[in-house]
Amino acid sequence: MAVPEKPSLDGLEAKWDEWWEAAGTYRFDRTKTREEIFAIDTPPPTASGNLHMGHVCSYTHTDLVARFRRMRGKTLFYPMGWDDNGLPTERRVQNYFGVWCDPSLPHDPNFDVDALDRPDDRPVPVPRPNFIDLCERLTAEDEKAFEHLFRMLGLSVDWTQTYTTIDAHSRRASQRAFLRLLDRGLAYQEEAPTMWDVDFQTAVAQAEIEDKEVDGAYHRIRFDLADGSGSLEIETSRPELIPACVALVVNPSDGRFAPMVGRVAVTPLFGAEVPVVAHELADPERGTGVAMICTFGDLTDVTWWRELRLPARVVVQRDGTIAPSRWGEPGWESRDVQAARAAHSELAGRPAKRARRGIAELLAESGHLLGEPQRVRHVVKYYERGERPLEVVSSRQWFVKTIELRDRLLERGRELRWHPEHMGARYASWVEGLNGDWCISRQRFFGVPFPVWYPVGQDGSPDRGRPILPAETRLPVDPSTDVPEGYTAGQRGLPGGFVGDPDIMDTWATSSLTPQIASGWEEDPDLFARVFPMDLRPQSHDIIRTWLFYTVLKAELEHGRLPWTDAAISGWILDPDRKKMSKSKGNVVTPIEFLEQHGADAVRYWAASARLGIDVAFKEEQIRIGRRLAIKILNASRFVLSFEAPEGEVSDPLDRSLLAALAGVVEQATAAFEDYEHARALDVIERFFWGFTDDYLELVKGRAYGSHGPEAAGSAIAALRLALSVLLRLFAPFLPYVTEEVWSWWRQGSIHRSAWPTPDELAEASAGGDPIVHQVAAWVLGEVRKAKALAKRSLRTEVERVVVHDTEERLKVLRGVERDVREAGTVAELVHAQAEEPSVEVVLGSQDG
RNA sequence: GGGCGCGUAGCUCAGCGGGAGAGCGCUCGCCUCACACGCGAGAGGUCGCAGGUUCAAAACCUGCCGCGCCCACCA
């Protein structure tokens, strides 16, 4: 036993992190069976980003669960991942090395980025495999910094189980999953209108789209009927799409326009004849009740176009500009081709927004624009990282079937245990609102390529209908540099040869496999059987529709089951003004500073006091409170352990009372942890602990020092030590450093591998103990202290006499603890008086300075 | 428009059918042999509003107001 004279929190992080690493305290034990293992699907943080207090908070939440389960006897499968696959890394590598990824270049085995030929300042094109190497190299540095922070924070991760989302293993898993879906007809490619970002020039999925409210204007426009018998009016915020108009639509039940259905209107300026059609989705309440159908203004247009079998006249190009005029060609017939060309030439080449102003002028001149455009604020779809509104563009993309699985996915959502429970509603509303299959192809460069080649026909064009696929054993492949079976490299791109699919997968196509990637799916069947499906997915609520949803989807498609049983959803950390913390607002504080300044336990205390699922405002004050608690544990422990372990056992009613109350705390804390209510567990434990130090310790101090003989002292000391052992273990998940430090003063091994306390281990020592005893004693002591404080006297002041008025029953209880109360309150005489209403009279002694 | 969550002391929040609570902050006092990085005490609230259920409502029901988020709409 070595209790330091002046215990301190300083340096505990470095000391114990090293010790735990050396001792393998958190190492996974793969000899255990599935039932003995608790497996966590740790969120891989984005490399090339920054870790902020939100990460600290949510990763701590997960660690609390891990440590609790470990002490409950489970072996933890608690890996870490780094998400280095995606746009952030791509951009960072481009800027850092001054390169860009060109998948058309062949892999260069002797590539050396420092020896690149740089004739000017322009970025240098780099083959994809080499670009991926650069990504791995650069992100390795981030990952080191992240690991340092997480270690310092005390995450009980098994660092030997680390993976990254761009490494060969992850690419293999992503490609294997894709090939299997393809084989089963669950993945397919199709030329179809999809949401398209005109700046990044890639297709995007519904999950990556966000709404933004922007300025716009409604233009009221007149369409004349072809036979000259009248006209219809529509309202649109996108008049530049008039050349793409292929029909006008009204609701079939709308009596106002019933006679119009089936007739033909003429588009203003362009003179194209378009039918007036009817469809349920046309809303009689909106605008004029007549809408123009364009190819394509939004997804409703796509639905109309598809269901009503309308022709396509596409005018918006992939870069967001208006295409050149094609009036007069087949499908672009006009009553006045010259006029159509003239009008179109005013728009061609312009970005949509500028074309809009141009056409508004033309419409005003021609008299088709009715009144002034009406300025409005309206909602437009944006790519989450994009700067311009999304367009709907027709292109060939890979899709994964989701719509036909909707009911099963909803069922899985109900099967999953959500913490907090109401987060399940977000999943359900997302799944219910899905409007199409998952578009998984991206026209980007850095990411997992599709493991697909196409034969090139004699005309030199690839036959996308007959993909050439690699055997699973060849994965991962990069079709831009690898050659399919039966071909030679020289045949790439030539008639009779082959060509690789140029696209890469949505980053979520890989992230959605984290349970499989971490578990060694198809590569380590033994490990897989022991940890999959996992127990817990921890994550924040903003990525329920992406990470959580796609992971459920992939597991359903591949395994027909949930990838985990429980999902723990963390909230966000807001700055003290309750605004979301973000880099752009410049209110992000670096976690490492807080860890250095206050200590990991203090920071963890702050994180642990936030419940799952709720957004919390960041208060540095809360961290200081955590530090205070850690220091208090240090000092209280030093005091308790300053007494030699006694011979005797717990016999005093006060001591038994305390331990009985503690047994109740153990029960409550355990139940709270089981319910993923770590904040409630901490609250219960902490509340007891402060009562323990403020009241119990003061009450038994004298007795422990031997004021009433060795037997009485022995009872107190035995109770103190037992309580300390239990309390340290209760605190261990929250404050791993200080509890380990104290544990090392008097126990063998790591506290984090010791057993979580149970009421059973307190049963004998607390037998017959009644919590009321401790309460009565603390009450009388409190009244005595109050009298001293009100008299502005020192707590050491002698009290001449205390008269306690109370019921016979409680006075009887008091008798049993009287000596402790008198000693703690320095009371000379204690008198009992029976009464219905409890009260305490305190007579202080003469002034004693 | 639909859904979810939240409105309790100056601040952050717990309580969710029978005493209105904690911590911080504030005020006053205390070097008491574990701790002055501490200890003790005090002040401070028509529990968003209005109805209803109940012997009893901060808690349950209904409606309203306010805040946040998710989904949908984007003619």
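Note: hydrogens, waters and symmetry copies are ignored here, and every other heavy atom, side chains too, is used. Residue numbers start from 1 in every chain, and the chains themselves are labelled A, B, ... in the order their sequence lines are given, proteins ahead of strands. From a predicted model like this one, the values you see are computed outputs, not experimental measurements.
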Query raised in the report: Hey, would you say the H541(A) and W572(A) ring centroids sit under 6.0 Å apart?
Result: yes
Query raised in the report: Which whole-number value in Å describes the distance from K619(A) NZ to C13(B) C1'?
Result: 11 Å
**Report entry** E836(A)-T807(A) side chain donor-acceptor pair, cut-off 3.5 Å
**Finding:** no
Query raised in the report: Between G5(B) atom P and I614(A) atom CD1, what is the distance in whole Å?
Result: 14 Å
Requested in this report: Just call it for R624(A): base, sugar-phosphate, or nothing, with non-hydrogen atoms closer than 4.0 Å on any strand.
Outcome: nothing
Query raised in the report: Is the NZ or CZ atom of R537(A) both under 6.0 Å from the centre of the six-membered ring of W547(A) and within 45° of that ring's axis?
Result: yes
Requested in this report: Please state how far atom CD1 in I625(A) lies from atom P in C35(B), giving the value in whole angstrom units.
Outcome: 23 Å
Query - No-H, no-angle donor-acceptor pair, D211(A) side chain to C73(B) base, under 3.5 Å - result: yes
Report task. Please state how far atom CD1 in I685(A) lies from atom P in A14(B), giving the value in whole angstrom units. Result -> 18 Å
Query raised in the report: Reading RNA chain B 5' to 3', what string of ( ), [ ], | and . shows its pairs, if Watson-Crick and G-U wobble pairs count only when both distances fall under 3.5 Å?
Result: ((((((((.[[[[.)..(..]]]].(((((.......))))).....[[[[[..)....]]]]])))))))....
**Report entry** Between C1' of C39(B) and CH2 of W690(A), the distance in whole Å
**Finding:** 10 Å
Query raised in the report: Which is true for W304(A) with a 4.0 Å heavy-atom rule: it touches a base, it touches only sugar-phosphate, or it touches nothing?
Result: base
Query - Test of ring centre spacing under 6.0 Å for F639(A) and F692(A) - result: no
Query raised in the report: Any idea which of A36(B), A75(B), C69(B) is nearest the H378(A) side chain?
Result: A75(B)
Query raised in the report: Given that A789(A) and M423(A) both sit by RNA chain B, which one's nearest nucleotide is further toward the 5' end?
Result: M423(A)
Query raised in the report: Base, sugar-phosphate, or nothing for T693(A), non-hydrogen atoms under 4.0 angstrom?
Result: base
Report summary line: Of the candidates A36(B), G5(B), C24(B), the side chain of H422(A) sits closest to G5(B)
Query raised in the report: Checking only heavy atoms, does the side chain of K792(A) share a donor-acceptor pair with the base of C28(B) at less than 3.5 Å?
Result: no
Query raised in the report: Between F549(A) and W508(A), does the ring centre distance come in under 6.0 Å?
Result: no
Requested in this report: Measure the distance from CG on L299(A) to P on A75(B) and round it to the nearest whole Å.
Outcome: 12 Å
Report task. Scan A282(A) against the nucleic acid and name what it touches under 4.0 Å (heavy atoms): base, sugar-phosphate only, or nothing. Result -> base
Query - Smallest separation among heavy atoms of I221(A) and P268(A), with atom names - result: CG2-CG, 3.7 Å
Query raised in the report: Considering only the P atoms, how many Å lie between C33(B) and A22(B), rounded to the nearest integer?
Result: 28 Å
Requested in this report: Return no unless some side-chain N or O of R628(A) is found under 4.0 Å from OP1 or OP2 of C24(B).
Outcome: yes
Query raised in the report: What does E432(A) touch in the nucleic acid at a heavy-atom separation under 4.0 angstrom: a base, only the sugar-phosphate, or nothing?
Result: nothing
Query raised in the report: So what does D694(A) hit on the nucleic acid, given a heavy-atom distance under 4.0 Å: a base, only sugar-phosphate, or nothing?
Result: sugar-phosphate
Mind listing the side-chain donor-acceptor pairs of residues 777-790 of chain A below 3.5 Å, one per line with the distance, residues two or more places apart or on another chain?
{"residue": "R785(A)", "atom": "NH1", "partner": "D695(A)", "partner atom": "OD1", "Å": "3.1"}
{"residue": "R785(A)", "atom": "NH2", "partner": "D694(A)", "partner atom": "O", "Å": "2.8"}
{"residue": "K788(A)", "atom": "NZ", "partner": "L795(A)", "partner atom": "O", "Å": "2.8"}
{"residue": "K788(A)", "atom": "NZ", "partner": "T797(A)", "partner atom": "O", "Å": "3.1"}
{"residue": "K788(A)", "atom": "NZ", "partner": "G825(A)", "partner atom": "O", "Å": "2.9"}
{"residue": "K788(A)", "atom": "NZ", "partner": "T826(A)", "partner atom": "OG1", "Å": "3.0"}

**Report entry** Atom-pair distance (CD1 on I633(A); P on C37(B)), nearest Å
**Finding:** 19 Å
Report summary line: Comparing nearest nucleotides in RNA chain B, the 5'-proximal residue of the pair S637(A), S609(A) is S609(A)
Query raised in the report: Between Y382(A) and E387(A), is any side-chain donor less than 3.5 angstrom from a side-chain acceptor?
Result: no
Report task. Answer yes or no for R628(A) and W606(A): cation-pi contact, defined as NZ/CZ to six-membered ring centre under 6.0 Å and angle to ring axis within 45°. Result -> no
Query raised in the report: Under 4.0 angstrom, heavy atoms only, what part of the nucleic acid is K701(A) near: base, sugar-phosphate, or nothing?
Result: base
Query raised in the report: With sugar-phosphate meaning primed atoms plus P, OP1 and OP2, does R680(A) contact a base, only sugar-phosphate, or nothing at under 4.0 Å between heavy atoms?
Result: nothing
Query raised in the report: So what does I631(A) hit on the nucleic acid, given a heavy-atom distance under 4.0 Å: a base, only sugar-phosphate, or nothing?
Result: base
Report task. Answer with base, sugar-phosphate or nothing: what part of the nucleic acid does L634(A) contact at a heavy-atom distance below 4.0 Å? Result -> nothing
Query raised in the report: Looking for any heavy atom pair under 4.0 Å, which part of the strands does K632(A) touch: base, sugar-phosphate only, or nothing?
Result: base
Report summary line: The nucleotide from C69(B), A75(B), U32(B) with an atom nearest the side chain of R286(A) is A75(B)
Query raised in the report: Base, sugar-phosphate alone, or nothing: which one does I293(A) contact when heavy atoms must sit under 4.0 Å apart?
Result: nothing
Query - Spacing of E698(A) atom CD relative to G40(B) atom P, expressed in whole Å - result: 8 Å
Query raised in the report: With a 4.0 Å cut-off on heavy atoms, is S237(A) in touch with a base, just the backbone sugar-phosphate, or nothing at all?
Result: sugar-phosphate
Requested in this report: Scan Q374(A) against the nucleic acid and name what it touches under 4.0 Å (heavy atoms): base, sugar-phosphate only, or nothing.
Outcome: nothing
Query raised in the report: Less than 6.0 Å separating the ring centroids of F594(A) and F618(A)?
Result: yes
